[in-house]
Amino acid sequence: MTDYSAHVHGSDQLHLSWVGDPASTMTVIWRSCDREAEPVVEYREAGGEWRTAAGSHRLTDDLGALQEVNLVGLEPRTRYEYRVGCGGDRWGDVSSFETAPPHGEVSAMDVVFVSDTGLIGRKDGLADGTVQVIEEIARLDPLLVLHGGDFAYFDTDRRFEFLEEAIDYFFNQMVPVAAHAPMMPTWGNHELMYILQERIEPWLERYATPEGSEGRLNYSYDVGHVHFLSICAYQFDDPLPEERLRWMIEDIRAAQAAGQRWIIPVLHVAPFAEGRNHPSNLALRAQLGPVFEELGVRLVVTSHDQAYERTFPLVDVPARNAPTSDSLVEYGPEDGTVYLKVSPGGKRSNINKNFSNFATEEAPHWTAVRNNTIHNFARLRFTADGDLVVEVHGVRGDGSPTVRVDEFTLRGGRTPVLAQEAASARAEGGSR
């Protein structure tokens, strides 16, 4: 297997991001060991003539300079090859990426969500699934990767004296994925809680994201017909601050007014989690359940507790948490909100040194599928017909083949009109 701790000669930590329009831009970030090297990227449509773009130093430290180049004027839905400058006449290896569909266009595209990865090679052996998770995601070659937080677990990984060293290691191990697809973060408790010996500033220095709100703790962006929101929810027991809640509601309404068919909020801490390590944040459930129902949000993606759980589509949260369907595989635009918790993506818990134990032997009535025996990540397949197929893949970390933990389909994106029709139908007929 690849030694992800090794730095690439001349440059390392290569990763992509979307700060501008995903259909026509790409942000490339890497560290050059030569602090005097000009930040430059060569890029081309596959097989075409090289073009050159220059950028700036994002961060300079004792190890070199973190370079950033924004590629603009790209064609939508197009595969590009690129290579980064390493100083002088030296260039990095050729990598590739694909631009997104134009804003609002209903197109097929694959997005992967992963969280709670940890760092390869932990001495306690808890990150036993991380290598295989990274390799499997790279094999899928998604358009976009959503990382749900808890990247490095610096507080319990004693190989590193300084947080920045662990962050460098994280970005190097993610190169097989992040050099080919934008890796957009959602911040977890391990990035924000000083009690865990971490802080958010070094992560913000290395990750490029849209501006959003509260110093980029929250942000959103459109990829084709899908609107993604990264919402900072890291407190175990508290709801979102009112300022954050207002931003989220206004952001969703603006996306719906612009005609986006899918609204996908991503949070770290889960409103629905029956694991003992990190149980449900009930305050968050009470706060967000009615909001997501009113706004017609059909899928909420979370992580944090080290087990996979997925609810039926629910209405009347938190009072009844009432399923609108008993199907395990398919739901229509009139159904409620599905809460998806996908964790861990490679690292088992420090709390019990394993996957999270469920609090109840029998799953609650709102739970459709759960599994606490395997590392997992989710593949969100948006189809050209406007549907969303969610596949959850599991790995054991021993090189054995992946297993399908779960799969379900949400039919038809919910536009504002569909959301209003669904709410009216439930008001007239009640949940079924």
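Values in this document were obtained by computation on a predicted structure and should not be read as measured data.
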Trp187 side chain near Leu204 side chain, heavy-atom distance below 4.5 Å: yes
Mind listing the closest non-hydrogen atom pair of Thr27 and Ala208 along with its distance? CG2-CB, 4.2 Å
Can you find a heavy atom in the side chain of Leu267 that is under 4.5 Å from one in the side chain of Leu288? yes
A side-chain contact here means heavy atoms from C-beta on lying under 4.5 Å apart; do Leu66 and Ile29 qualify? yes
For the backbone of Pro401 and the side chain of Arg396, can you confirm whether one donor and one acceptor N or O come within less than 3.5 Å of each other? no
Atom pairs and distances, donor-acceptor, side-chain atoms in residues 221-232, under 3.5 Å, two or more places apart:
from   : atom 1 : to     : atom 2 : distance (Å)
Asp222 : OD1    : His227 : ND1    : 2.6
Asp222 : OD1    : Gln260 : NE2    : 3.2
Asp222 : OD2    : His103 : NE2    : 3.3
His225 : ND1    : Glu105 : O      : 3.4
His227 : NE2    : Asp251 : OD2    : 2.5
Ser230 : OG     : Pro185 : O      : 3.0
Ser230 : OG     : Thr186 : OG1    : 2.9

Check: Ser115 side chain, Gly149 main-chain N or O, donor-acceptor pair, under 3.5 Å: yes
Say whether, by atom type as modelled, one donor and one acceptor occur between the side chain of Glu198 and the main chain of Asp150 under 3.5 angstrom. no
Quick check against the 3.5 Å criterion: does Arg310 have a side-chain atom that pairs as donor or acceptor with the backbone of Thr367? no
Main-chain N/O of Leu217 paired to Arg244 side chain as donor or acceptor, under 3.5 Å: no
Does any N or O in the side chain of Ser356 come within less than 3.5 Å of the main-chain N or O of Asp305, such that one atom is a donor and the other an acceptor? no
Please determine if Asp335 and Arg298 form a salt bridge, counting it only when a charged side-chain N lies under 4.0 Å from a carboxylate O. no
Is any side-chain heavy atom of Leu388 closer than 4.5 Å to a side-chain heavy atom of Thr383? no
Any donor and acceptor pair, going by atom type alone, linking the side chain of Thr409 with main-chain N or O of Arg411 inside 3.5 Å? no
Side chain to side chain contact (heavy atoms under 4.5 Å, CB included) against Ser213, all qualifying residues, sequence neighbours excluded: Asn218, Trp247
Please enumerate all residues that pass salt bridge (charged side-chain N to carboxylate O under 4.0 Å, His left out) together with Arg199, with sequence neighbours excluded. Glu164
Partners meeting side chain to side chain donor-acceptor pair (under 3.5 Å) with His147 (sequence neighbours left out): Thr117
His180 to Ser96 - nearest heavy-atom pair and separation: ND1-O, 3.0 Å
With a 4.0 Å cut-off, would you call Glu98 and Arg79 a salt bridge? yes
Partners passing side chain to side chain donor-acceptor pair (under 3.5 Å) against Ser280 (at least two apart in sequence or in another chain): Arg285
Do the charged groups of Arg206 and Asp168 touch, with an N to O distance under 4.0 Å? yes
Below 4.5 Å, heavy atoms only, C-beta onward: do Val40 and Val84 meet side chain to side chain? no
Which atom names give the shortest non-hydrogen contact between Trp262 and Asp387, and what distance separates them? CZ2-C, 4.1 Å
Taken in chain and number order and not counting sequence neighbours, the residues that satisfy side chain to side chain contact (heavy atoms under 4.5 Å, CB included) with Glu407 are Arg381, Val389, Glu391, Arg404
By salt bridge (charged side-chain N to carboxylate O under 4.0 Å, His left out), Arg44 pairs with (sequence neighbours left out) Glu81
Is there a donor-acceptor pair closer than 3.5 Å between any side-chain N or O of Asn172 and the backbone N or O of Gln13? yes
Are Ser343 and Asp116 linked by a side-chain donor-acceptor pair shorter than 3.5 Å? yes
Taken to the nearest 0.5 Å, the spacing of Glu38 CD from Ser32 OG works out to 11.0 Å
Counterpart residues, salt bridge (charged side-chain N to carboxylate O under 4.0 Å, His left out), relative to Asp238 (two or more places apart): none
Classify the side-chain pair His57/Gln67 by whether it contains a donor and acceptor separated by less than 3.5 Å. yes
Under 6.0 Å from the ring centre and within 45 degrees of the ring axis: does the NZ or CZ of Lys341 meet both conditions for the six-membered ring of Phe272? no
Once you round to the nearest 0.5 Å, how far does NE2 of His190 lie from CD1 of Ile200? 13.0 Å
Any side-chain heavy atom of Leu144 within less than 4.5 Å of one from Val111? yes
With sequence neighbours left out, write down each residue that passes side chain to side chain donor-acceptor pair (under 3.5 Å) with Ser349, or none if nothing qualifies. Asn277
Take Tyr234 and His268 through the ring-ring contact (aromatic ring centres under 6.0 Å, His included) test and state the conclusion after the steps. CA-CA 6 Å; Tyr234 71 97; His268 182 71; 9.1 Å; no
In the structure I gave you, are the side-chain heavy atoms of Met248 and Val291 within less than 4.5 Å of one another anywhere? yes
Who pairs with Ala166 by side chain to side chain contact (heavy atoms under 4.5 Å, CB included), at least two apart in sequence or on another chain? Leu119, Ala152, Phe154, Phe160
Keeping the roles fixed (side chain from Tyr169, backbone from Ile120), state whether a donor-acceptor pair exists under 3.5 Å. yes
Quick test of your reading of the model: are Glu250 and Arg253 salt-bridged, counting only N-O distances below 4.0 Å? no
The criterion is side chain to side chain donor-acceptor pair (under 3.5 Å); which residues satisfy it with His278, sequence neighbours excluded? His304
For Asp157, what residues pass the salt bridge (charged side-chain N to carboxylate O under 4.0 Å, His left out) criterion, not counting sequence neighbours? Arg159
Test item: Asp398 side-chain N/O and Ser400 main-chain N/O as donor-acceptor pair under 3.5 Å: yes
Beyond-backbone contact of Met109 with Pro101, side-chain heavy atoms, under 4.5 angstrom: yes
Should we count CD of Glu211 as having more than 12 external heavy atoms under 6.0 Å? no
Taking the basic N atoms (NZ, or NE/NH1/NH2) and the acidic carboxylate oxygens, is any pair closer than 4.0 Å for Arg83 and Asp93? no
Exactly one candidate in Asn371, Asn376, Asp406 meets side-chain hydrogen bond (donor to acceptor under 3.5 Å, both in side chains) with Tyr308; the answer is Asp406
